[in-house]
Amino acid sequence: MARKQNEKIVSLEEFQEKIDRDEKIEPKDSMPEAYRKTLIRQIGQHAHSEVVGMLPEGNWITRAPTLRRKLSLLAKVQDEAGHGLYLYCAAETLGKSRMEMNQELLSGKAKYSSIFNYPTPTWADIGAIGWLVDGAAIMNQIPLCRCSYGPYARAMIRICKEESFHQRQGYEIMLTLARGTKAQKEMAQRALNRWWWPSVMMFGPSDADSPNTENSVKWKIKRYTNDELRQKFVDAIVPQAEKIGLTVPDKDLKWDKKRNNGQGGYAYGEINWDEFWRVVRGDGPMNNERISAKQKAWNEGSWVRAAAHAHALKKQTALQAAE
Amino acid sequence: MKSNTADMVFEGLLRIADDNLILGHRTSEWCGHAPTLEEDLALPNIALDLIGHAQTLYCLACEINSRYKNEDQLAFLRLEHEYKNLLLVEQENGDFGNTVLRLFYFSTFMKYFWERVKINCCFKKLKEFSEKAFLETSYHSRYASQWVVTLGDGTDESNLKMSNAISNLEPFLGELFNNDDFTEMCSQNDFLPEPTSIFESWKNEVEAILQKGNLNFPDIILKKRGGRKGEHSEAFGYLLSDLQYMQRAYPNSSW
């Protein structure tokens, strides 16, 4: 990674002290290579997730049931593209180019949230994604607004505001369906059945199997562990489902007064980690389709990007000649 | 409003609303599939404006014709021949060059259209709306014109693709400027400008942009037409199956 010659190299201890004082790390500050790498990986994956996440939802723009829903969905998907742009910029401040990150996404080297490898066969899936997937994302992302890396933390503030709006929109779609005709209510329940477990899995492996968690917590990139966030999510969503008369598809779900240090919380059933790892490794229902769609768009757009580059060079040459 | 005036206003609003809805639909198909992330942001943003214009215009149309209870009934529940959009806007997107060229043609036309409505329109609510619509279509026209120049001037390949797009869209341009009895009546009643009255401004701007992109201005002759009378092309049926799917599959539901 290119560094300025006069950059002050701080020791790991000094770096940790700075983190412990809750000082933000900025792009030009010295940082341990592992900290930089962890952040590039995490922010890159986050950016890719926003961009790939446009596909399952974008699917329904042309089929949205009313003009109001169509306009909200368009605005939402457009927000996701904006989040992708911010996040790529935040990752670039750590020294990796957007082009490089994009190539890693297209080659399959870089990961994105596995949740987007699930299909959206019905309109209710758009509601479920907003409610559950954006709901889970917010649980993950609100603590990131206090992340030790300045550009990431600042990007997350705006992103969280927009995501919480998306979540309310998604819940409102589900509420409307749940109060609608029998067919609509069934559509909503089936979507909840499809999205519940993948959403619970979005927080990643359980703490015992999460090798990156310890350093990330120490460096204040993460403020809570995967299991802590998962518990918050389940506790928030279960009453929301009850309120609109939908059933969370987990027969082991029950109130457990010992959870959350004795304040009580929901105990939930065993997560199917085999499915989780299978989807992460590329064998989910839509992994191939998602990446193929991004590759196709990239390849079909190559003449456009080449033309933009050539046109910019010509303009620059003409400008220099005029000076 | 007298009944024959109401009929005129209703029909006029539908024509513009349908153009915007259908082009918005086509533009939204790019979402997630554009050549760059910036374009993935820009195209849904433009689709949002176009469909937003359609929504406002359908709402105004519903106020005039009580047969339709809301904007969704107009947008989703008419039969194919009841849509009055131009054939130009319903054609499939083709490549990115074809998409931005069509957007440039249409939004430049609409920019001058709204500019005239702003100055003179007997229907006050449309006149008020034209302020916003003018600003937004001016932006769409500027965005698309930049791409037309960039792609025309860029590489040999991109120039060829843009020349092909010009030929491809050429047969549909005549309808954009076609006056008929209805447009004459709208103009005589100070409701909407006649399409031919926009031609000179449109031609000057489009010709200048194409020239910057080393591209030739097309022949504008009335060739393919029918959209304004509800006679559509094959591509439109597929578009409607997407657009109307939910309303047809789940009738009488709230969303």
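Since the model is a prediction, treat every value here as computed from it, not as a measurement. The figures here come from the full heavy-atom set of this structure, side chains too, leaving out hydrogens, waters and symmetry mates. Letters A, B, ... mirror the listed sequences (proteins, then strands); counts begin at 1.
When heavy atoms are compared at a cutoff of 4.5 Å, Arg63(A) approaches chain B by way of both its backbone and its side chain. For chain B, the nearby parts of Trp303(A) are the backbone and the side chain; heavy atoms of each come within less than 4.5 Å. With a 4.5 angstrom heavy-atom cutoff, Ala34(B) touches chain A only via backbone atoms. When heavy atoms are compared at a cutoff of 4.5 Å, Trp147(B) approaches chain A solely by way of its side chain, counted from C-beta outward. Heavy atoms closer than 4.5 Å to chain B are found in both the backbone and the side chain of Leu71(A). Only the side chain of Leu21(B) has a heavy atom closer than 4.5 Å to any heavy atom of chain A. For Ala312(A), no part lies under 4.5 angstrom from a heavy atom of chain B.
Atom NZ of Lys111(A) has more than 12 heavy atoms from other residues, nucleotides or ligands within 6.0 Å. Residue-environment remark: CD (Glu92(B)) stays at or below the threshold of 12 foreign heavy atoms within 6.0 Å. At most 12 non-hydrogen atoms from other residues, nucleotides or ligands lie less than 6.0 angstrom from OH of Tyr238(B). Counting non-hydrogen atoms of other residues, nucleotides and ligands closer than 6.0 Å to CZ of Phe165(A) gives a total of 12 or fewer. Within a 6.0 Å sphere centred on CG of Asp156(B), heavy atoms belonging to other residues, nucleotides or ligands number 12 at most. Within a 6.0 Å radius of NZ in Lys243(A), other residues, nucleotides and ligands contribute 12 heavy atoms or fewer. With a 6.0 Å radius and a threshold of 12 heavy atoms from other residues, nucleotides or ligands, Gln211(B) has its CD atom at or below the threshold.
Counting heavy-atom pairs closer than 4.5 Å to chain B, the top residue among Thr176(A), Leu55(A), Asn59(A), Leu67(A) is Leu67(A). In terms of heavy-atom pairs under 4.5 Å with chain B, the best-connected choice from Arg179(A), His309(A), Lys70(A), Glu300(A) is Lys70(A). For the set Phe76(B), Tyr58(B), Phe96(B), the entry with the most heavy-atom pairs within less than 4.5 Å of chain A is Phe76(B). Interface remark: of the candidates Val77(A), Leu85(A), Thr181(A), Asn299(A), Leu85(A) forms the most heavy-atom pairs closer than 4.5 Å to chain B. For the options Leu48(B), Thr36(B), Thr155(B), heavy-atom pairs under 4.5 Å to chain A are most numerous at Leu48(B). Heavy-atom pairs under 4.5 Å with chain B peak, among Arg69(A), Met54(A), Gln184(A), Glu172(A), at Gln184(A). Each of Asn252(B), Asn45(B), Asn159(B) has some count of heavy-atom pairs under 4.5 Å with chain A, and the biggest count is that of Asn45(B).
Of the inter-residue distances, the one linking Thr122(A) atom OG1 with Met246(B) atom CE reads 7.5 Å to the nearest 0.5 angstrom. With rounding to the nearest 0.5 angstrom, the CD1 atom of Ile61(A) is 4.0 Å from the SG atom of Cys31(B). Between atom OG1 of residue Thr150(B) and atom CZ of residue Arg305(A) there is a gap of 14.5 Å, rounded to the nearest 0.5 Å. Within the model, atoms CG of Leu73(A) and CD1 of Ile51(B) stand 10.0 Å from one another, a figure rounded to the nearest 0.5 Å. Distance check: Trp123(A) CH2 to Tyr245(B) OH gives 12.5 Å after rounding to the nearest 0.5 Å.
Here Lys294(A) pairs with Asp40(B) in a salt bridge; the nearest charged N to carboxylate O distance falls below 4.0 Å. Between Glu38(B) and Arg98(A), at least one side-chain N (NZ, or NE/NH1/NH2) sits under 4.0 Å from a carboxylate O, which counts as a salt bridge.
Contact check for Ile173(A) versus Trp255(B): no side-chain heavy atoms found under the 4.5 Å cut-off. The closest side-chain heavy-atom distance from Ser158(B) to Val304(A) is not below 4.5 Å. Using a 4.5 Å cut-off on side-chain heavy atoms (C-beta onward), Gln78(A) and Leu43(B) make no contact. Inter-residue side-chain proximity for Thr62(A) and Leu243(B) is flagged as unmet; no heavy-atom pair is nearer than 4.5 Å.
Of all heavy-atom pairs spanning Pro35(B) and Gly301(A), the tightest one is CB-CA, 3.6 Å. Taking each heavy atom of Ala81(A) and Leu41(B) in turn, the nearest pair found is CB-CG, 3.8 Å. Closest non-hydrogen pair, Gly154(B) versus Ala310(A), comes out as O-CB, 3.4 Å.
In this structure, the side chain of Gln247(B) does not engage the main chain of Thr66(A) through any donor-acceptor pair within 3.5 Å.
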